[in-house]
Number of protein chains: 2
Amino acid sequence: MATIVDVASLAGVSTSTVSHVLNETRHVEPETKARVMSAVQATGYRRDALARSMRRARTDSIGLVVSDAGEPAFADMVHGVEEAAAQHGLSLLLANSAEDPARERAAVEALLDRRVDGLIIARAAGSRAGLLERIRNEKKPLVLLDRLADLDVDQVGVNNQSAMAALVDHLTDRGHERIMLVSGDLRVSSLRERHDGFRTAMQKRGLEVPASLLCEGTVTAAATFDRVRPLLGDSAAGPTAILACSTLLAAGALRAVQHEGLQVPGTMAFATFDGFTYSDLFQPQITTVRQPAFQLGESAVGLLMRRLETPSAPTKILRLESEIEFRRSTD
Amino acid sequence: MATIVDVASLAGVSTSTVSHVLNETRHVEPETKARVMSAVQATGYRRDALARSMRRARTDSIGLVVSDAGEPAFADMVHGVEEAAAQHGLSLLLANSAEDPARERAAVEALLDRRVDGLIIARAAGSRAGLLERIRNEKKPLVLLDRLADLDVDQVGVNNQSAMAALVDHLTDRGHERIMLVSGDLRVSSLRERHDGFRTAMQKRGLEVPASLLCEGTVTAAATFDRVRPLLGDSAAGPTAILACSTLLAAGALRAVQHEGLQVPGTMAFATFDGFTYSDLFQPQITTVRQPAFQLGESAVGLLMRRLETPSAPTKILRLESEIEFRRSTD
DNA sequence: CTGAAAGCGCTTACAG
DNA sequence: CTGAAAGCGCTTACAG
């Protein structure tokens with residue numbers, strides 16, 4: 001592979017001049033410039049990004065750590081981050097923590113070692129606070145994605161409160177009073193916000209929420225199925241509607257509903273966050289809170305760029321609104 | 001940030017010794033080693049991966065370029081690649097070409113500039129042959145993923161032929177003779193293989209395939225809808241079954257079917273490649289050829305590792321088998 | 001307008 | 001068993 005030295009000697013100039021021509025960082029005589037450019041052509045020279053990064057203390061790359069690469073919503077966020085990064089001329093280093101704090105830690109260290117210019121993290125469920133401390137100590141720009149924290153850090157997520165309130169209003173308007181919430185792992189901030197939003201919204205409507213209708217803590221579809229199924233039989237105290245807080249939870253709960261032979265809608269109303277792709281094509285047509293996942297990813301990059309340009313800028317926390325697709329499952 | 005010089009001076013040794021301790025690359029007296037390790041602790045030293053890579057001419061990173069980050073199947077492949085890369089201690093650089101040869105080219109150049117140890121590519125629909133030539137000239141290990149080529153390069157994809165044959169057999173066994181194939185962009189090798197596999201399988205069954213039942217070239221769900229819809233009305237010459245070659249094509253075709261008020265199954269049988277997530281929970285329950293997308297990604301990394309370890313190994317082409325989930329849509 | 005040279009932070013022959 | 005030093009391929013003050 002040709003190096004800058006090869007180009008310089010072929011063009012009969014110094015490496016400084018080659019560098020300045022390539023980076024347009026100081027004036028070079030048109031004639032000299034032309035000689036350099038044709039030497040670049042002739043040698044097939046391409047600048048070594050590694051060597052360049054080492055000198056500039058800037059890599060033009062960012063790191064993204066997601067908590068669950070298997071979830072469609074996170075796949076969309078990754079897509080959004082990639083798109084925005086490419087637009088800014090940044091390379092993207094991707095890692096998946098798979099909800100494992102140890103893997104998350106290792107991924108962050110690897111990215112830090114590679115001197116990424118900034119980090120975007122959707123934290124794992126049991127993520128340790130020390131991790132963010134660590135990044136802050138390195139003075140490395142950081143953006144929290146989807147799973148936010150009560151910290152002085154740039155962040156972008158969705159407004160879970162408002163979406164949940166709209167969903168509860170929608171259901172209670174239709175006479176539902178015994179609504180089961182399937183909320184998953186409450187250490188995950190987005191799920192906790194949905195959980196809290198549900199209780200607040202129900203309270204505002206003057207409705208009790210018995211503990212038996214709060215189904216928390218399951219992290220797989222199978223476990224959710226097992227937890228939900230036994231709670232469905234009772235027509236006096238059982239739920240008339242189910243509200244799932246993620247695609248995975250919805251899958252487990254819906255399977256339970258079907259296993260018990262209940263009809264959606266009819267004997268059971270059903271709504272979910274995130275939900276299923278192309279769900280307008282299938283029965284039951286499920287009312288879904290659709291996160292702007294792609295835009296979440298884009299916005300995270302936007303916040304990071306802003307921070308890189310203005311390190312002293314005040315902390316910014318973005319809450320994007322979700323769109324609610326009302327369908328027959330809640331009629 | 002502490003450097004190896006800081007560690008060396010604090011430990012009272014040379015940087016060589018620090019390096020050798022950290023890499024376990026030559027024997028060091030236990031006592032010296034201990035001093036080094038505590039100096040590492042004290043300074044919070046972390047090796048700079050950039051500088052290390054530059055010396056070693058190896059970055060412990062790989063590049064992945066996918067053609068359509070929006071498709072669930074590709075998201076799964078990315079996930080598989082990430083998982084396997086992490087297991088091998090490799091960082092993953094991700095780029096999306098969005099089916100645009102120019103973006104694909106730019107992504108490959110960026111990855112090459114960053115000196116990734118190898119490349120995995122799911123090529124864009126109109127990908128230029130020169131691109132692979134370019135990578136070969138750099139002597140950079142390359143693995144083709146999902147979208148294969150008739151070239152002497154390591155590759156991993158699925159066996160489209162056998163899956164398509166099974167699908168056609170399944171349908172013809174049930175009496176279907178007028179089967180519409182919705183095959184999309186035939187420049188995409190996987191789609192072309194499905195297309196060819198269909199014709200071969202039909203021929204083997206002695207069935208004609210009129211051009212009116214071959215719906216090719218659409219690249220969006222909306223365009224597919226527009227192409228398919230007018231072909232459904234005719235009960236004499238129209239199809240009794242539809243076979244879609246990707247999720248996106250299936251969405252467009254299914255919407256057309258529903259728009260025309262046809263019942264699946266009943267008045268129209270339907271099957272698809274890739275398909276929809278959790279489709280066992282929804283009606284119509286659609287017969288689906290499920291690619292082992294995650295394993296495809298894992299295998300691609302496996303091939304790359306093999307090539308890195310044994311540059312002279314013979315070219316390997318892997319064809320993984322898909323699983324067919326037979327459901328009511330084809331009954 | 002251009003060049004000689006230092007230096008980014010490592011690894012690795014070479015020498016003892 | 002360990003160290004001094006070269007060198008990976010760039011960028012960037014410094015000097016003229």
Side-chain angles (χ1 to χ4, degrees), chain A residues 1-37 39-40 43-61 91 109-117 138 140, chain B residues 1-37 39-40 43-61 91 109-117 138 140:
Chain A
M1 290 241 5
T3 71
I4 197 170
V5 175
D6 301 325
V7 176
S9 68
L10 182 59
V13 299
S14 71
T15 58
S16 319
T17 296
V18 176
S19 175
H20 285 302
V21 168
L22 261 32
N23 298 315
E24 301 188 314
T25 170
R26 83 177 174 195
H27 185 81
V28 175
E29 282 291 89
E31 196 191 336
T32 315
K33 192 184 275 186
R35 279 219 311 288
V36 169
M37 291 316 285
V40 166
T43 54
Y45 171 71
R46 299 223 97 224
R47 198 163 50 188
D48 184 328
L50 250 36
R52 179 172 157 83
S53 294
M54 187 152 70
R55 279 301 330 229
R56 298 199 324 152
R58 167 144 193 174
T59 56
D60 293 323
S61 67
S91 290
E109 295 294 355
L111 293 169
L112 251 21
D113 288 354
R114 291 204 137 75
R115 305 293 187 259
V116 291
D117 293 338
E138 299 285 344
K140 190 63 74 178
Chain B
M1 287 238 10
T3 74
I4 198 170
V5 175
D6 300 325
V7 175
S9 66
L10 182 59
V13 299
S14 71
T15 59
S16 322
T17 298
V18 176
S19 176
H20 285 301
V21 169
L22 260 31
N23 299 315
E24 300 186 317
T25 171
R26 85 177 173 195
H27 184 81
V28 176
E29 281 292 87
E31 196 191 335
T32 315
K33 190 184 278 187
R35 277 217 314 288
V36 169
M37 292 315 284
V40 167
T43 54
Y45 171 72
R46 301 222 95 224
R47 198 162 50 187
D48 183 328
L50 250 36
R52 179 173 157 83
S53 294
M54 186 152 69
R55 278 302 330 228
R56 299 198 324 153
R58 168 149 193 169
T59 56
D60 293 323
S61 66
S91 290
E109 295 295 355
L111 293 169
L112 251 22
D113 287 354
R114 291 205 136 74
R115 303 295 186 260
V116 291
D117 293 338
E138 299 285 344
K140 191 63 72 179

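Excluded from the calculations below are hydrogen atoms, water molecules and symmetry mates; all remaining heavy atoms, backbone and side chain alike, are included. By convention in this document, chain letters (A, B, ...) are assigned in the order of the sequence lines, proteins followed by strands, and residues within each chain are numbered from 1.
A 4.5 Å side-chain heavy-atom check between B/Arg46 and A/Leu112 finds every atom pair outside the cut-off. For the pair B/Val5/B/Thr15, a side-chain contact is recorded, criterion being any heavy-atom separation below 4.5 Å from C-beta on. In this structure, B/Met1 and A/Glu138 have side chains that are in contact, with non-hydrogen atoms separated by less than 4.5 Å.
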Pairs: protein N or O with nucleotides 5-7 of chain D N or O, under 3.5 Å:
residue : atom : partner : partner atom : Å
D/dG7   : N2   : B/Arg55 : NE           : 3.3
D/dG7   : N2   : B/Arg55 : NH1          : 2.7
D/dG7   : N3   : B/Arg55 : NH1          : 2.7

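Per the geometry, CG belonging to B/Asp48 stands 7 Å off C1' belonging to C/dC10, to the nearest Å. Straight-line distance from the CG atom of B/Leu50 to the C1' atom of C/dC8: 10 Å, rounded to whole Å. The separation between B/Lys33 atom NZ and D/dT2 atom P is 10 Å, rounded to whole Å. Spacing between atom CZ of A/Arg47 and atom C1' of C/dC8 amounts to 16 Å, rounded to whole angstrom units. Per the geometry, CG belonging to A/Asp6 stands 11 Å off P belonging to D/dC8, to the nearest Å. In this structure, the NE2 atom of B/His20 is 9 Å from the P atom of C/dA13, given to the nearest Å. B/Leu22 places its CG atom 13 Å from the P atom of C/dT12, with the value rounded to the nearest Å. In this structure, the CZ atom of B/Arg58 is 12 Å from the P atom of C/dT12, given to the nearest Å.
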request  = Go ahead and write out DNA chain D as dot-bracket, 5' to 3': ( ) for pairs within the strand, [ ] for ones crossing earlier pairs, | when the partner sits on another strand, dots for unpaired; Watson-Crick or G-U wobble, both distances under 3.5 Å.
outcome  = |||.||||||||.|||
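Positionally, the nearest nucleotide of DNA chain D for B/Ser14 lies more toward the 5' end than for the other of B/Ser14 and A/Asn23. Residue B/Pro30 is the one, among B/Arg115 and B/Pro30, whose nearest nucleotide of DNA chain D lies closer to the 5' end (criterion: closest heavy atom).
Residues passing the side-chain hydrogen bond (donor to acceptor under 3.5 Å, both in side chains) test with A/Arg114 are B/Ser91, sequence neighbours excluded. For B/Asp117, the side-chain contact (heavy atoms from CB on, under 4.5 Å) partners are B/Arg58, B/Thr59, B/Asp60, B/Leu308, not counting sequence neighbours. Legend: residues meeting side-chain contact (heavy atoms from CB on, under 4.5 Å) with B/Ser9, ordered by chain and number and at least two apart, are absent. Under the side-chain contact (heavy atoms from CB on, under 4.5 Å) criterion, B/Ala2 pairs with B/Asp6, B/Thr43, B/Tyr45, not counting sequence neighbours.
For the pair A/Ser53 and C/dC8, the criterion of a side-chain N or O lying under 4.0 Å from OP1 or OP2 is not met. Taking 4.0 angstrom as the limit, A/Thr3 places none of its side-chain polar atoms (N or O) nearer than this to OP1 or OP2 of D/dG9. Distances shorter than 4.0 Å separate none of the side-chain N or O atoms of A/Ser19 from OP1 or OP2 on D/dT12.
Comparing C/dC1, C/dC10, D/dG3 against the side chain of A/His27 picks out C/dC1 as the nearest. Nearest nucleotide to the side chain of B/Arg52, out of D/dT2, C/dG3, C/dT11: C/dT11. The side chain of B/Thr17 lies closest to D/dG3 when the candidates are D/dG3, D/dC10, D/dC1.
The residue A/Thr25 sits apart from the nucleic acid: no heavy atom pair falls under 4.0 Å. Using a 4.0 Å heavy-atom distance criterion, B/Arg46 is classed as a sugar-phosphate-only contact. At the heavy-atom level, B/Val5 lies nowhere under 4.0 Å from the strands shown.
A donor-acceptor contact under 3.5 angstrom links the side-chain atoms of A/Arg26 to the base of C/dG3.
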Return a table of donor-acceptor pairs under 3.5 angstrom between the side chains of residues 18-29 of chain A and protein atoms on other chains or two or more places apart.
residue : atom : partner : partner atom : Å
A/Ser19 : OG   : A/Asn23 : ND2          : 3.3
A/Asn23 : OD1  : A/Arg47 : NH1          : 2.3
A/Asn23 : OD1  : A/Arg52 : NH1          : 2.9
A/Asn23 : ND2  : A/Ser19 : O            : 3.1

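What you find for B/Gly12 and B/Arg35 is that their closest heavy atoms are O-NH2, 4.0 Å. Counting all heavy atoms, side chain and backbone alike, B/Ala39 lies closest to B/Ala11 at CB-CB, 3.9 Å.
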